[in-house]
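Reviewing the structure listed below.
As the structure is a prediction and not an experimental result, all values here were calculated from the model. Reminder, nothing fancy here: chain letters follow the sequence lines and each chain counts from 1.
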Amino acid sequence: AQKVTQAQTEISVVEKEDVTLDCVYETRDTTYYLFWYKQPPSGELVFLIRRNSFDEQNEISGRYSWNFQKSTSSFNFTITASQVVDSAVYFCALSEVLQGAQKLVFGQGTRLTINP
Amino acid sequence: DTAVSQTPKYLVTQMGNDKSIKCEQNLGHDTMYWYKQDSKKFLKIMFSYNNKELIINETVPNRFSPKSPDKAHLNLHINSLELGDSAVYFCASSTGLANTGELFFGEGSRLTVL
């Protein structure tokens with residue numbers, strides 16, 4: 001069965017520090033997709049990135065970057081020069097195709113607090 | 001224009017009551033979902049529909065009955081509410097069956113059972 005582990009339950013840093021959120025996944029599929037979602041205090045789920053298993057290039061989007069390492073089954077997320085607005089719960093997720101339909105298997109989430 | 005909208009956003013009710021949450025998407029997607037987020041923030045799929053057909057039912061008690069009148073709507077009806085049903089329920093949609101694109105989520109409906 002698919003599984004996603006976010007071992008860091010909570011992280012607290014001071015503004016402008018860099019912070020990395022870890023994500024480790026388990027799957028038997030050779031083709032799969034990984035996602036990161038952000039859930040700010042207002043509660044909605046905001047899509048951040050999707051990465052397929054054949055694309056191991058790291059991705060950078062502004063202050064956000066993602067490191068996909070297939071060899072260690074990890075898909076870590078780094079925020080550079082963190083800001084208070086980055087405070088949120090971040091979820092890593094793995095896409096599983098079940099009965100012909102996609103479902104996302106989510107990690108437990110990491111609550112990130114950026115202190116001013 | 002909200003892409004995936006859910007109503008109501010907040011619902012407070014007594015044990016044993018029946019309640020419904022409605023979801024509509026205007027993205028033209030074929031597939032819709034219900035996810036449940038518990039008090040520990042854990043997110044788990046409940047149901048998936050594709051073009052009004054139930055595809056995934058993740059061992060959810062049969063007190064929960066989803067209904068999809070058309071592919072733009074997926075409603076969730078819950079009978080005989082229990083304390084453990086208190087959670088945030090998220091509706092989502094995506095472009096198609098087995099498509100592995102992103103899921104677009106609604107803002108969530110917070111259900112509190114007293």
A:S95 to A:F35 - nearest heavy-atom pair and separation: CB-CE1, 3.7 Å

Using a cut-off of 6.0 Å, state whether more than 12 heavy atoms not belonging to A:Q8 lie near its atom CD.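 It does: A:Q8 CD has more than 12 such atoms within range.
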
Think A:K70 forms a cation-pi with A:F54, using NZ or CZ under 6.0 Å from the six-ring centre and within 45 degrees of its axis?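 Satisfied, under 6.0 Å and within 45°.
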
When heavy-atom pairs shorter than 4.5 Å are enumerated against chain A, which of B:E107, B:K41, B:R110 gives the highest number? B:K41

Would you call A:D86 and A:R63 a salt bridge, using N to O less than 4.0 angstrom?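 Yes.
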
Between A:Q39 (side chain only) and A:L45 (backbone N and O only), is there a donor and an acceptor less than 3.5 Å apart?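 Flag not set: sc A:Q39 to bb A:L45 has no pair under 3.5 Å.
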
Would a hydrophobic clustering, with Ile, Leu, Val, Met, Phe, Trp and Tyr connected at side-chain separations under 4.5 Å, put A:L34 with A:W66?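 Looking at the clustering, A:W66 is in the same group as A:L34.
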
Could you note down all residue pairs passing disulfide (SG to SG under 2.5 Å) where residues 2-61 of chain B supplies at least one of them, sequence neighbours left out?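 Every disulfide (SG to SG under 2.5 Å) pair that includes a residue of residues 2-61 of chain B, provided the two are not neighbours, is B:C23-B:C91.
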
For chain A, which residues of residues 78-87 of chain B have at least one non-hydrogen atom nearer than 4.5 Å to it?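 Residues qualifying by a heavy atom under 4.5 Å from chain A are absent, so none.
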
Chain B contact via A:Y32 - which portion, at a heavy-atom distance below 4.5 Å: neither

